[in-house]
Peer 1: 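Provided herewith is a single structure, encoded as structure tokens, for subsequent inquiry.
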Amino acid sequence: MSLLGVTDLTLRYGKDIVLSGVSFPALHPGSMVGVLGPNGVGKSTLLRALAGMQSYGGEITLMNEPLSAVSHLRRTGLIGYLPQTPPQGTSLVAYEAVISACRAVRPDLSKRAVEAAAEETFERLGIAPLAFRALSKMSGGQRQMVGLAQILVRKPAVLLLDEPTSALDLRWQLAVFQIIRDTLAEQGGLCLMALHDINLALRHCDSIALLCDGGVLSYGPPKEAMTAENLRRAYRVEGRVETCSNGTPIVITDGVLAGGAGELR
Amino acid sequence: MTQAVENAPAGRPDCPDKPASLAIQYRRFVFWRLFWSFVLLAVLGLTVVVNITTGPAGVPLPDILIGLVRPDALSKATQVILWDVRLPYAAMAVCVGASLGLAGAEMQTVLNNPLASPYTLGVTFAATLGASLAIVFKIEIFGVSENYVVPACAFVTATMATLLIQFLARVFGATVNTVILFGIALVFALDALISLIQFVADSDALQQVVFWTMGSLARATWEKVAIVSAVFALCLPLSIRHMWKMTALRGGEEYAESFGVSVQRLRLMVLLRVSLLAAVATAFTGVIGFIGLVGPHIARLAFGEDHRFYLPGSALAGALILSGASIASKSIVPGILVPDGIVTALVGIPLFLGLLIGQRGRAR
């Protein structure tokens, strides 16, 4: 069964069209898709639209139903969207932040069920020692892990993660990818994540969606979607795509294309 | 206060090496919050008793305690002092303080701004404008007793200001910045109108307006206490109904939205509630601005920002500050009732700064 479908999607930011004609093949349980592209191309806007938090043209389907027809409560139960920035530093402790994520729209959930889910999530993410520390006393990376816990605790079928490892060190970047992979295997969900670290995406994702110039430049397995030509077109960067000894592709950059990086739009 | 709990050992007595489950640790955490809530409640009760026993008439404490149980045992004059002056005064301090504390806490959460208070959106200024109009132009309202004309006008203008902000926010999008900007613009406009009214007022009216803006509980009656407490009793359950949503909102607007919270709708509902609380409280007492800002800060220091504790904690802290200030207002100059708005600022601000400095010192 297709969990998520995207057909001929058009997204606007204010009056400007950010993306148009975006279509993905049906996304099935277990898929991990990396959404790549230069700054401002619309990665975050795409994830927000898929989460139902942004208006769109075209069609998005969730479990073969149009997203707009899925009730608010069911949609927020099925989709977990992690924003790009970590949760803000407040005097809320991590455990309360995670529990409130469950209870915000489902105060009817049993106390025991929420506590058990929170316990499992803290253990899974390895952040139990942070449970009773205020968010204001945490680093950006620690808060990012708490943000991820807020999403995972609700056990959504579709994970939409916007730069989930941007504030994390190397060890925790790898750990997070492994945790997400394990979660998908256990729960039968899928994950789309916007990333800037191309090599991390090539190593961990099953498919890559490379966005460029208001559309999808390439979509497919990492080796096919990320080529030297696509790297030049999307990022204006000269580079090579090599293969590691373990078989995963890796991008080695040589520099910005002649003529400079261009202008940031 | 929560620091001690954070540092508490997590091991189970029967199995010292294995940490207790997070749920068990959290119950200990909650226990201390409840403990401090009861301490605050007990201190509030104490201030109420002291408030009742304080006053120029010098009624002995045993007489007051007897009079609370058997009013007939007191002389007629003492009965009036106790039941018509001191008790409504003490009760009004608790009700108004709790209303302003709760209003400030909710305002700070939905506007994501620790400096927000009922002042921020101009509610207090609007109430002052209404009161000034009633005093200076000697407004009469058919069917409303003379004693209630000033509060009625203050309430009407405060509600109108609130509805105007809500209308503008709905038309232009109820983002935090939009709401705050409209609020600030309204504050300046109202301030100018108040100044204009004061400019044209005669000296007697001007004196009354100035006294009203200083904020005083001296006009308290049981009827007014009943109205303020009824509004508080109406708003508190609604606040509690939204407590998880507001707790989720503390992580950030986008996070709350991703959990399914309709943030714009929540903000509009909370602002309406806050405005009602602040408008009613201000209408009967005049401007007591400090409580809505500081009550939530004290609650945040004591209880964190889980709104199950933070909201009632802010109401308790607000009630405690105003109750304490009302005792001071009767005691600073014997025989004279210094306006409570002045005392809350003069006594409360050093206390608040002391708390903040103490907290920073502990954090180092």
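By convention in this document, chain letters (A, B, ...) are assigned in the order of the sequence lines, proteins followed by strands, and residues within each chain are numbered from 1.
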Peer 1: Look up atom CZ in A:F24 and atom OG in A:S31, then write down how far apart they are to the nearest 0.5 Å.
Peer 2: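 Output value for this atom pair is 12.0 Å.
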
Peer 1: I'd like to verify something: which residue of A:A51, A:P86, A:C102 has the highest number of heavy-atom pairs under 4.5 Å with chain B?
Peer 2: A:P86

Peer 1: Determine the minimum heavy-atom distance between A:G141 and A:L168, stating which atoms define it.
Peer 2: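 Closest heavy-atom pair between A:G141 and A:L168: O-CD2, 3.4 Å.
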
Peer 1: Counting N and O atoms only, with roles assigned by atom type, does the side chain of A:Q187 sit under 3.5 Å from a partner on the main chain of A:A157, one being a donor and the other an acceptor?
Peer 2: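 Side chain of A:Q187 to backbone of A:A157, a donor-acceptor pair under 3.5 Å: no, none is there.
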
Peer 1: Is it the side chain or the backbone of A:R103 that comes within 4.5 Å of chain B heavy atoms, both, or neither?
Peer 2: both

Peer 1: So, B:E254 side chain and A:P83 main chain: donor-acceptor pair closer than 3.5 Å or not?
Peer 2: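 Checked: no pair found.
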
Peer 1: What part of A:A131 lies closer than 4.5 angstrom to a heavy atom of chain B: side chain, backbone, both or neither?
Peer 2: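 Only the side chain of A:A131 comes within 4.5 Å of chain B.
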
Peer 1: Between A:I79, A:L135, A:T85, who has the most heavy-atom pairs with chain B when the cutoff is under 4.5 Å?
Peer 2: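 Ranked by contacts with chain B, first place is A:T85.
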
Peer 1: So what's closer than 4.5 Å to chain B heavy atoms on A:L92: side chain, backbone, both or neither?
Peer 2: both

Peer 1: Ion pair present between A:E186 and A:R124, side-chain N to carboxylate O less than 4.0 angstrom?
Peer 2: yes

Peer 1: Would you please indicate yes or no on a ring centroid separation below 6.0 angstrom for B:Y310 and B:F303?
Peer 2: no

Peer 1: Report which part of A:E115 has an atom under 4.5 Å of a heavy atom belonging to chain B: side chain, backbone, both, or neither.
Peer 2: side chain

Peer 1: Based on non-hydrogen pairs under 4.5 Å, which of A:T90, A:V114, A:L73 is most in contact with chain B?
Peer 2: A:T90

Peer 1: Heavy-atom distance under 4.5 Å to chain B: side chain of A:R143, backbone, both or neither?
Peer 2: neither

Peer 1: When rounded to the nearest 0.5 angstrom, what distance separates CG in A:L195 from SG in A:C205?
Peer 2: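 Answer rounded to 0.5 Å: 6.0 Å.
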
Peer 1: Which one, B:P114, B:A256, B:S262, B:G252, leads in non-hydrogen pairs under 4.5 Å with chain A?
Peer 2: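 So the answer, after comparing B:P114, B:A256, B:S262, B:G252, is B:G252.
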
Peer 1: Can you tell which part of A:L82 gets under 4.5 Å to a heavy atom of chain B, answering side chain, backbone, both or neither?
Peer 2: side chain

